[in-house]
Amino acid sequence: MSAPGGMLTVNGRPLDRTGVPDSERLLDTLRWRLGLKGTKEGCRSGDCGACTVLVDRRSVLSCLVLTNDLEPSEITTIEGVRTVPSGAAVQAAFVEESAVQCGYCTPGFVMALAGLVEELGPGAPAERLLDDLPGNLCRCTGYASIERAVRRLAAGDDR
């Protein structure tokens, strides 16, 4: 095991990387070491987006990142997304548009959208947000409610 390269925080709390093997993916650290089960394991190959988290407010697929390779960073999971400025707005749009179906893909979509809004800024056009979401897969909604949630978010309609 290599020595961790600096402090990581997860949802504002320090992450002790002592004992984390060099080969351990961030997904496994979050789910199994920290018990943060909102980050879902889908494909383990970066194809579905279910494991999306924010690393320094940018969307990252946690199944493709080794925990010990991360520089000092702030990691945000679905459990802490409300602390990110765009997080509460994304969650509200999903609730208002009934975009939460079975819930398996929902955390990944919420995190990906929160990251996009953080990157592009509030008021990002819906088409731009939708164009950047193809890496997130949903197996049960047909995407209509997710698209409505994105459009509501882009319009700033939080009723």
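Below, all heavy atoms of this structure are taken into account, side chains as well, without hydrogens, waters or symmetry copies. Heads up: numbering here begins at 1 and tracks the sequence.
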Would you say the side chain of [Y] lies within less than 4.5 Å of the side chain of [X], judging by non-hydrogen atoms?
X    : Y    : value
L66  : D22  : no
L113 : N136 : no
F94  : L153 : no
R139 : C105 : no
P14  : L8   : no
R151 : L130 : yes
Q91  : E96  : no

Look up atom [atom1] in [X] and atom [atom2] in [Y], then write down how far apart they are to the nearest 0.5 Å.
X    : Y    : atom1 : atom2 : result
R82  : T76  : CZ    : OG1   : 14.0 Å
L129 : L116 : CG    : CG    : 6.0 Å
L120 : D132 : CG    : CG    : 6.5 Å
D16  : R33  : CG    : CZ    : 9.5 Å
E118 : R57  : CD    : CZ    : 5.0 Å

Hey, can you tell me if F109 and Y143 have their rings parallel, tilted or perpendicular (30° and 60° cut-offs)?
-> perpendicular
Would you find a donor on one side and an acceptor on the other, under 3.5 Å apart, between the side chain of [X] and the backbone of [Y]?
X    : Y    : result
E79  : N11  : no
N68  : V20  : yes
R152 : A93  : no
D56  : S73  : no
S86  : V117 : no
R58  : G115 : no
R31  : T39  : yes
R25  : C63  : yes

Chi angles and distances behind the side-chain hydrogen bond (donor to acceptor under 3.5 Å, both in side chains) call for E24, T67 = CA-CA 6 Å; E24 184 168 293; T67 302; 4.7 Å; no
Go through the steps to decide whether E74 and R13 satisfy the test salt bridge (charged side-chain N to carboxylate O under 4.0 Å, His left out), and finish with yes or no.
-> CA-CA 9 Å; E74 169 64 33; R13 296 189 173 161; over 6 Å; no
Taking it one step at a time, do V10 and T77 satisfy side chain to side chain contact (heavy atoms under 4.5 Å, CB included)?
-> CA-CA 7 Å; V10 178; T77 67; 4.3 Å; yes
Do you know the tightest heavy-atom contact between [X] and [Y]?
X    : Y    : answer
I78  : G38  : CG2-CA, 3.5 Å
S62  : C51  : OG-O, 2.8 Å
A114 : V81  : CB-CG2, 4.1 Å
M111 : S59  : O-OG, 3.5 Å
L70  : R17  : O-NH1, 3.2 Å
K40  : Y104 : CG-O, 3.2 Å

What about L133 and L137, same hydrophobic cluster or not, with Ile/Leu/Val/Met/Phe/Trp/Tyr joined at side-chain heavy-atom distances under 4.5 Å?
-> yes
Short N-O contact, D28 and R44, less than 4.0 angstrom = yes
Quickly, which of L26, L34, L54 forms a side-chain contact (heavy atoms from CB on, under 4.5 Å) with I75? Name it, please.
-> L26
